[in-house]
Amino acid sequence: MHLFFLFFILSGFCSLVYQVAWLRIAMADFGVTSTTIAVVLSVFMAGLSFGSWGGGRLAVRTDSPAGSQLRLYGVLEGVIGLSALVSVPLLGYGQSLLAKSAGMEWGSGAYYLASGSIIFIVLFPFCSCMGATFPIAMAAVKRSYPEKASTSFSYLYLANLLGAVLGCAGTAFVLIELLGFRGSMLISGAINFAIALAAFVKSGRHSLSLKEDSQECTEASELPVPLPAGRMAYAVLLLTGMVSMALEVVWSRQFTPFLGPVVYTFATILVIFLVASFAGSRFYRRKCGHPLLFDQALTLRVMLAVTGLAAMLPLLTADYRLPLPDGILGGAIRVAAGIAPFGFMLGFITPWVVDRLSSGEPGRAGVAYSVNTTGCILGPLMAGFLLLPFVGERWSTFLLATPFFLLSLLFASRHQESDRHKYFSPVLAKWTLFAALSCSGLLVILTKDFEKKYPDAVILRDHTATVVAAGEGMNRQLLVNGYGMTVLTPITKMMVHLPLALHASPPKNGLVLCFGMGTSFRSMLSWEIPTTVVELVPSIPKLVGFFHADARNLMADPNARIVVDDARRFLNRTSERFDVIVLDPPPPIEAAASSLLYSREFYQSVVVRLNDGGIFQQWTDTSDPYLCASIVSSLTEVFPFVRVFNSYEGWGMHCVASMHPIPNRSPAELAAILRPRAAADLVEWGPSTTTTVQQFEDVLSREQDISELLKAAPLARAIEDDRPVNEYFLLRRLLRRVKSWLKTV
C-alpha cells in the first residue's frame, strides 16, 4: 500500500510540473492572454475529467487481477512520461503552422480557435491519462488490499496533494531557475518512466501485503453507508472544484498589491492552498472512523457553512488597513490567513464525499472525481470572464461563497434521527449557518479593497485586470491589479522620438507595444504617421483621457489604431511590417511572463515585422547588472546592430536595435528631422526648459559600451523562452547574498 502512496506523490509532483510548463509554453507560442490561459487550464481539467470517467469505466469492465491493473497503471504513467518528450515540439510545430499562414491576416477569434485546437490535440490525451490513474490504481488496491479499498480514493488523493505541493514549490522556487521549463519536464518524464517500470516489476509479484496502520481508516465493514442524496453529494463535488479554481483567479488580483506581480506570488498562493488542502485531507484520514465526522447530511451541512465563511476570509486579509508589515512577510501572512482555512475545508470535504459515494469502487470514484474536475473547468471561466469584469473582487468572493450556504440549507432536510448525538444537533447546525452568514455579511460591509486607498480614482475592470487611475498633475498613477505600471515622464516620449529620428529615411509607420498612459502612442502620432498601438488590458486605453487633455483628438486621429491583444501574439498573427517598433514592457522587470517580451524568441518575432532598415527600441530597468547583461545578450544574438543609451533621468536605458547599421547622427541632426508637432511634444515635459537639441544631447552623451555591460555580469545568460532568468531569480539572489556575507566574515 505504501508503494501506491509513493507512486501518487511522484505523479502529483510531475502533474504540477507539466501544468506549469505547458501553460508557459502555450503563452509563448500563442499569446499571454486570459483566453490562452483559460484554454490551457480547461484542456488540462477536461482531460482529467474525461480520464477519470473513462478510467473508472475501464476498471469496472476489466475485472482483472491486481497485476494486470498495475500494468495498465504503468502504461498510463509511461504515456504521461512521453509527454515530456513530444508535447513541446508538437506545440511549437503547431505555432509554426500558424506563423506560416500569417499572410491570412488572422482575426483574433480565428487565431484563438486555431491555437486552442492545437493545444487540445496535443495536451488532451496526456491529461486524460493523468485522470485515469486514480480509478485504475483504486482497482489495483481493491484487489490487493480489499480491507483498505473503501477509502482508497482519499489515500491516493492525500498522496497526490503532497506531490502537488512538492511539484509547485519545487518548480517555482528551484527547478525552472536551474533547468528551465524543458529540463524540468524531462526530470518529470524520467520520474513517470520510473513509476511505470516499478509498476511493471511489482505486477509480477504474487504478494502485495501491507500491515494495517492503526492511525488509518477502519475496515470497510465498519464504515457507514454512502451519503444519502447522491445527486446533492455530486453537487458538492462540482461546487468544490468550481469555486476553488474560481477563487484562485480572484486571489491573484486580491493579493498582488501586497506581493507584487511576480511568479513567486502565484506560486505562494498555490503552495499555501495545497498545503492547507493536504492538512485537511490528512485530518480526514486520521479521523475517518470518528462519529463526529460521519453523521452524513447533518455534518456536511455544518461543514458547508464553515467552508462558505472560510471562502470570505480573503476580504479581511486583503484589506489594506490591516496592521501587517509591508513586503514579503506581511503579504505571506495575508495569503496564509486568508486562504488556508478554505483550503483545509476543501481538502477535508472532497475526499470524504468521494469515499462515501464510491465505497472503494473505482467506477463510482471515477465518476465522482470527474464531476469534481468538471467544476475546475467552469471555475476560472466564470471568474475571469463573468464575475470579475462585472462585479469585482469583493462581490465575486461573496457570490462564490454563497452556494456553500445554499447547499447547507438544502441539507437541512436530509439529516436523520440517527444524526442526533452529543456532537451535533439540527439546532447547532442551524446556528452555525446563521453565524457564518452573519460574519460573511460583516466582512462584505466592513472591509475595503485595495483600490479604496485612492478615493478619487477611476476604476475599471475587465477579464484581464482591475485598473486604477489616480492622482493629479504630473503625479498621476496607473495601477494594474494594485501595482504601479508607469508615470508621466519625458522618458516615455524619448522612447519614440529617438528611434524615429535615427531611422535612415523618414519613417512611414510605427508600432507601439504596450499602451500604458498613452504617452508613447501620443508621441508617435505627433510624427503624423500611421500608428498602431497594442495593449493587453482592454480597460487601459479607455483611461487615456485621465492622463492627457487632448485624448479626444488622439482617439479621433485617422492615423491612430488601437489593438487589444498580447504584443507577441499580435506580431505572430499579423502580416504587417513597420519602420519602427517601440516597446516599454510593464514593470517590474521580474514580472510574471515579462520574459516573453525580453527573450531571444521574441526579438526574432520583431525582426519579421520590421521593414528593411527598421529600428526596434526597448526601454528597460538598469538596477540589476545581471539582467541588463542578459537583455543585451538576447538582443545582440538576434540583432547585429545594437546601441544602448542611459535615460536622462538617471534610471533605465534605451536599447536601439536593427538588422542594418544605425545612423550615427548628432543631436542637431536628430533635432532637425523633427516636424514642429513632434518637436513640441518632445520638450513638453522638459526635463527642464530644454531645446530638442539638448534633449537628444542628454541621451546621446550617455551611450553605453555594450562590451562593458556584458563584462559587468560575465555569468549572465541570454533570456530565452525556456530560461526566463529575469522572472526566476530566487537562487541567484540567495547565492549573491551568501557570497556577500562570506566576504564580510
Closest heavy-atom contact between [X] and [Y]?
| X | Y | value |
| --- | --- | --- |
| Ala340 | Ile272 | CB-CG2, 4.4 Å |
| Leu313 | Pro341 | CD1-CG, 3.6 Å |
| Ala457 | Ala470 | CB-CB, 3.9 Å |
| Gly94 | Ile118 | O-CD1, 3.5 Å |
| Cys168 | Leu274 | CB-CD1, 4.2 Å |
| Pro538 | Val564 | CG-CG1, 3.8 Å |

With Phe181 as reference, evaluate Asp722, Leu23, Leu186 under the side-chain contact (heavy atoms from CB on, under 4.5 Å) test and give the passing residue.
Asp722
Does the plane of the ring in [X] sit parallel, tilted or perpendicular to the ring in [Y]? Use 30° and 60° as the thresholds.
| X | Y | result |
| --- | --- | --- |
| Phe5 | Tyr155 | tilted |
| Phe283 | Phe344 | tilted |
| Tyr320 | Phe450 | perpendicular |

Could you check whether any side-chain N or O of [X] sits under 3.5 Å from a backbone N or O of [Y], counting only pairs where one atom can act as donor and the other as acceptor?
| X | Y | result |
| --- | --- | --- |
| Arg364 | Leu357 | yes |
| Asn481 | Ala465 | no |
| Arg182 | Val88 | no |
| Thr265 | Gly260 | yes |
| Arg732 | Val725 | yes |
| Ser277 | Phe273 | yes |
| Gln254 | Leu315 | no |
| Thr373 | Tyr369 | yes |
| Ser188 | Ser184 | yes |
| Ser87 | Ala84 | no |

Should Met185 and Trp22 be marked as a side chain to side chain contact (heavy atoms under 4.5 Å, CB included) after you check the CA-CA gap, both sets of side-chain angles, and the distance that decides it?
CA-CA 9 Å; Met185 290 182 66; Trp22 285 339; 3.3 Å; yes
If we only count heavy atoms from C-beta on, is the [X] to [Y] side-chain gap below 4.5 Å?
| X | Y | answer |
| --- | --- | --- |
| Met242 | Cys376 | no |
| Thr133 | Ser11 | no |
| Ser154 | Val354 | no |
| Leu536 | Phe515 | no |
| Arg24 | Pro724 | yes |
| Phe255 | Thr317 | yes |
| Val243 | Phe342 | yes |
| Ile589 | Tyr598 | yes |

Passes side-chain hydrogen bond (donor to acceptor under 3.5 Å, both in side chains), Arg394 versus Thr447? Steps please.
CA-CA 9 Å; Arg394 171 174 303 277; Thr447 58; 2.8 Å; yes
Less than 4.0 angstrom from a charged side-chain N to a carboxylate O is my criterion; do Arg568 and Asp566 meet it?
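Salt bridge absent between Arg568 and Asp566.
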Flag the pair Asp462 and Lys542 as a salt bridge only when some basic side-chain nitrogen lies within less than 4.0 angstrom of an acidic carboxylate oxygen.
no
Should we say atom CG of Leu442 is surrounded by more than 12 heavy atoms from elsewhere, each under 6.0 Å from it?
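Counting other residues, nucleotides and ligands, CG of Leu442 exceeds 12 neighbours.
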Hey, would you say the [X] and [Y] ring centroids sit under 6.0 Å apart?
| X | Y | result |
| --- | --- | --- |
| Tyr18 | Phe126 | no |
| Phe134 | Phe8 | yes |
| Phe729 | Tyr264 | yes |

Might you work through the side chain to side chain contact (heavy atoms under 4.5 Å, CB included) test for Met312 and Val444, ending with a clear yes or no?
CA-CA 8 Å; Met312 297 290 294; Val444 171; 3.3 Å; yes
Within the 3.5 Å criterion, strictly below it, is a donor on [X] or [Y] matched to an acceptor on the partner's side chain?
| X | Y | result |
| --- | --- | --- |
| Thr466 | Glu451 | no |
| Arg285 | Thr151 | yes |
| Thr374 | Ser49 | yes |

With rounding to the nearest 0.5 angstrom, report the OG to CZ distance, Ser595 to Phe602.
11.0 Å
Atom CZ in Arg733, atom CD in Glu590: separation rounded to 0.5 Å?
4.5 Å
Go through it in stages, so that I can follow the logic: the residues are Thr33 and Asp565, the test is side-chain hydrogen bond (donor to acceptor under 3.5 Å, both in side chains), and I'd like the CA-CA distance, side-chain angles, deciding distance and then a yes or no.
CA-CA 7 Å; Thr33 65; Asp565 202 350; over 6 Å; no
Taking the cut-offs as 6.0 angstrom to the six-membered ring centre and 45 degrees off its axis, would you call Arg569 and Tyr112 a cation-pi pair?
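Ring-cation test returns yes.
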Under the ring pair (Phe, Tyr, Trp, His ring centres under 6.0 Å) criterion, do Phe398 and Phe405 qualify, and how do the steps go?
CA-CA 11 Å; Phe398 178 78; Phe405 301 130; 7.6 Å; no
